[in-house]
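What's counted below: heavy atoms across the whole structure, side chains too, no hydrogens, waters or symmetry copies.
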Amino acid sequence: MNRFALSSLTLSALLLGACTKTPPPEAPKAATTSTAPARSYGAFVPYVGIKAYTELSKATQAAQELDHALSKLLYAPNDETLATARNAWRAAYDRYLATLIYARLPLQDPEEWLQKGIGYQQTLVQLGAWPVEPGYIDYVPDYPFSGIVNDLALPLSRESLLGEHLLSAQSAASIGFHPLEFMLWSMDGLRPWQDFVAQENTAPSPQNNSEGADAIDLDATTHSINVQNHQRRRQYLRLLGEGIHRNLNRLQRRFEPSTGHYASELEHADPQQVLRASLRSTQKLVAEDLIKRLNEPSSDFSHSTEADMLALIAGIEQLFLPSTEPSYGLAQLLANSDPTLVEAWPKQLAELKASIHRFAQSSDKEQKQAQQEVTQRCNEFLALVQQSALKLGITLPVVTVN
């Protein structure tokens with residue numbers, strides 16, 4: 001079987017004149033070069049908590065709609081229901097990626113959650129592990145009985161899939177968005193709806209065939225209806241959808257205002273630490289998550305890695321450049337500092353998104369130059385984040401990408 005993630009007190013310093021026998025009037029406050037904001041940014045903490053809850057609620061709703069679309073596909077497999085399920089996958093994955101900006105907030109999981117494998121980072125590994133090995137999941141060309149779907153010795157359940165997840169390698173993903181992506185598109189993006197028809201096997205399994213799997217009449221490369229184990233494929237699809245919804249709903253509840261554990265953690269967090277973590281998360285999303293996708297497609301089965309990259313940027317925009325009021329986004333944080341920085345964020349993010357689109361549309365000959373342009377735009381934005389942090393009295397490491 002072939003089966004293969006203020007310095008605020010400095011503003012009060014006074015320059016005193018030289019001492020004389022008659023004390024002079026108090027000297028005016030000296031000009032200062034401190035970049036600390038003139039107003040407190042403590043309001044950013046409840047703001048980021050509400051934003052996290054709101055965006056995770058949207059992601060949970062999208063996951064529920066995905067689950068419903070999968071149910072419709074299994075109830076009536078056809079071209080239309082398969083296309084609807086694919087669109088629902090894309091929408092749910094976009095919503096999930098937009099929440100990753102909140103994944104690096106200063107939050108502590110109870111030890112009990114960590115022991116159960118349901119801490120924040122553990123949950124993200126269950127949701128978004130990639131890249132994945134297709135042959136670990138289902139049939140691939142020349143291996144018609146590979147993967148979990150065709151391993152009749154493995155009972156299909158929530159617990160068994162968790163046990164198989166990343167068991168032998170980092171690419172051995174059995175749950176989450178990308179195994180589901182492969183199930184909906186297959187390697188060439190042409191998974192037929194007939195793979196999900198509720199039918200029994202029409203050929204013996206290789207375990208019961210004396211001539212072995214090579215003798216089985218199954219044409220995986222042309223997607224003949226001779227593909228086997230439809231009932232297990234249907235069951236696996238259902239478990240994947242349910243697992244995604246369950247994990248996102250768990251994270252949403254933890255940010256529930258007043259009652260959620262993460263909401264309580266934020267309520268007692270140091271505002272400067274929360275702001276720093278949010279800006280640091282922005283750096284990492286660009287320098288690590290986005291750049292990794294620039295070099296290695298993350299949604300290769302659906303051919304939609306460009307959408308992945310844009311969804312990561314959308315998460316940054318939703319937090320720092322909200323389109324609705326009231327808010328406590330970047331404009332409010334930098335209200336008394338440098339307004340040109342506020343104007344630069346949407347401009348540079350728009351340029352970054354445009355360069356990503358050009359890269360996605362580039363020919364093989366143009367690809368290297370287009371990739372360099374994306375890298376340059378990333379570095380320009382990372383410099384802007386660094387400059388903005390300094391204006392807010394926050395120290396960040398200098399981050400660049402090559």
**Report entry** Gap between atom CH2 of W89 and atom CG of L66 - 0.5 Å precision
**Finding:** 9.5 Å
Query raised in the report: Would you say S174's side chain and L161's backbone share a donor-acceptor pair under 3.5 angstrom?
Result: yes
Query raised in the report: Between T60 and S57, is any side-chain donor less than 3.5 angstrom from a side-chain acceptor?
Result: no
Query raised in the report: Heavy-atom distance under 4.5 Å between the side chains of T282 and L319, does that happen here?
Result: no
Report task. Begin from the C-alpha positions of D289 and K284 and carry the test salt bridge (charged side-chain N to carboxylate O under 4.0 Å, His left out) through to its verdict. Result -> CA-CA 7 Å; D289 299 75; K284 287 180 175 290; over 6 Å; no
Query raised in the report: So with a 6.0 Å cut-off around CD of E296, is the heavy-atom count from everything else above 12?
Result: yes
Query raised in the report: Heavy atoms, side chains only, cut-off 4.5 Å: are I291 and C378 in contact?
Result: yes
Query raised in the report: Do the side-chain N and O atoms of R232 and Q235 include a donor-acceptor pair separated by under 3.5 angstrom?
Result: no
Query raised in the report: Is any side-chain heavy atom of I316 less than 4.5 Å from a side-chain heavy atom of L321?
Result: no
**Report entry** Derivation of the side chain to side chain donor-acceptor pair (under 3.5 Å) call for T84 and N87
**Finding:** CA-CA 5 Å; T84 299; N87 290 336; 5.6 Å; no
Requested in this report: Could you give me the CA-CA distance, side-chain angles and deciding distance for E366 and S363, then say whether side chain to side chain donor-acceptor pair (under 3.5 Å) is met?
Outcome: CA-CA 5 Å; E366 302 166 330; S363 64; 3.2 Å; yes
Report task. Spell out, as yes or no, whether a donor-acceptor pair under 3.5 Å connects the side chain of H303 to the backbone of D300. Result -> yes
Report task. Please check if the side chain of R234 supplies one atom and the backbone of F196 the other of a donor-acceptor pair under 3.5 Å. Result -> yes
Report summary line: Heavy-atom closest pair (A173 atom, V132 atom, distance to 0.1 Å) is CB-CG1, 3.5 Å
Requested in this report: For the pair F44 and Y328, name the ring-plane relationship: parallel under 30°, tilted 30 to 60°, perpendicular over 60°.
Outcome: tilted
Query raised in the report: Side chains of S355 and R377: do they bring a donor and an acceptor to under 3.5 Å?
Result: no
Report task. Could you pull out the closest heavy-atom pair between P134 and M187, with the gap in Å? Result -> CB-CG, 3.9 Å
Query raised in the report: Does a donor on one side chain and an acceptor on the other come within less than 3.5 Å for N249 and Q252?
Result: yes
Report task. Identify the two heavy atoms, one from L312 and one from L285, that lie closest to each other, and give their separation to 0.1 Å. Result -> CD2-CD2, 3.9 Å
Report task. Take K292 and E288 through the test salt bridge (charged side-chain N to carboxylate O under 4.0 Å, His left out) and record every step on the way to the result. Result -> CA-CA 6 Å; K292 183 180 178 182; E288 297 177 12; over 6 Å; no
**Report entry** R104 side-chain N/O to S278 backbone N/O, donor-acceptor pair under 3.5 Å
**Finding:** no
Query raised in the report: Between E181 and S302, is any side-chain donor less than 3.5 angstrom from a side-chain acceptor?
Result: yes
Report summary line: Smallest heavy-atom separation, A269 atom then V274 atom, equals CB-CG2, 3.6 Å
Requested in this report: Decide yes or no for V399 and V286: does some side-chain heavy atom of the first lie under 4.5 Å from some side-chain heavy atom of the second?
Outcome: no
Query - For R90, all residues meeting salt bridge (charged side-chain N to carboxylate O under 4.0 Å, His left out), sequence neighbours excluded - result: D94, D308
Query raised in the report: Tell me, do P110 and H261 make a side-chain contact under 4.5 Å, heavy atoms counted?
Result: yes
Query - Backbone of D67 reached by a side-chain donor or acceptor of H245 within 3.5 Å - result: no
Report task. State whether a side-chain donor-acceptor pair under 3.5 Å links Q367 with Q371. Result -> no
Query raised in the report: Does E265 use its side chain to pair, donor to acceptor, with the backbone of Q108 at less than 3.5 Å?
Result: yes
**Report entry** Residue pair L310 / L97, side-chain heavy-atom distance below 4.5 Å
**Finding:** no
Query raised in the report: Taking the six-membered ring of W113, is the NZ or CZ of R254 close enough (under 6.0 Å from the centre) and on axis enough (within 45°)?
Result: yes
Report task. Please determine, by modelled atom types, if E256 and T259 share a side-chain donor-acceptor pair under 3.5 angstrom. Result -> no
Query raised in the report: Would N201 and Q231 count as having a side-chain donor-acceptor pair, cut-off 3.5 Å?
Result: no
Query raised in the report: Any luck finding a side-chain donor-acceptor pair between S299 and W130 under 3.5 Å?
Result: no
**Report entry** salt bridge (charged side-chain N to carboxylate O under 4.0 Å, His left out) against E373, all qualifying residues, sequence neighbours excluded
**Finding:** R358
Report task. Tell me, yes or no, whether the heavy-atom count around E380 atom CD, taken from other residues, nucleotides or ligands under 6.0 Å, exceeds 12. Result -> yes
**Report entry** Over-ring placement of R191 relative to F182, 6.0 Å and 45° cut-offs
**Finding:** yes
Requested in this report: Please state whether the rings of Y93 and F177 are parallel, tilted or perpendicular, taking 30° and 60° as the class boundaries.
Outcome: tilted
Requested in this report: Please determine, by modelled atom types, if D195 and Y139 share a side-chain donor-acceptor pair under 3.5 angstrom.
Outcome: yes
Query raised in the report: What distance do L82 atom CG and K72 atom NZ have between them, rounded to the nearest 0.5 Å?
Result: 14.5 Å
Query raised in the report: Of all heavy-atom pairs between T123 and R250, which one has the smallest distance, and what is that distance?
Result: OG1-NH1, 3.8 Å
Query raised in the report: Is there a donor in the side chain of Y262 and an acceptor in the side chain of D109, or the other way round, less than 3.5 Å apart?
Result: yes
Requested in this report: Examine distances only and state if a side-chain atom of K51 and a backbone atom of Q318 form a donor-acceptor pair shorter than 3.5 Å.
Outcome: yes
Query raised in the report: Looking just at side-chain N and O atoms, do E306 and H357 make a donor-acceptor pair shorter than 3.5 Å?
Result: yes
Query raised in the report: Is there a side-chain contact between L107 and L266 (heavy atoms, below 4.5 Å)?
Result: yes
Requested in this report: Kindly indicate whether the side chain of P397, heavy atoms from C-beta on, has any atom under 4.5 Å from the side chain of R280.
Outcome: yes
Query raised in the report: Among all residues two or more places apart in sequence or in another chain, which pass the side-chain hydrogen bond (donor to acceptor under 3.5 Å, both in side chains) test with E112?
Result: K116
Report task. Please say whether more than 12 non-hydrogen atoms of neighbouring residues, nucleotides or ligands are located less than 6.0 Å from CD in E80. Result -> no
Query raised in the report: For the side chain of S171 and the backbone of E133, is there at least one donor-acceptor N/O pair under 3.5 Å apart?
Result: no
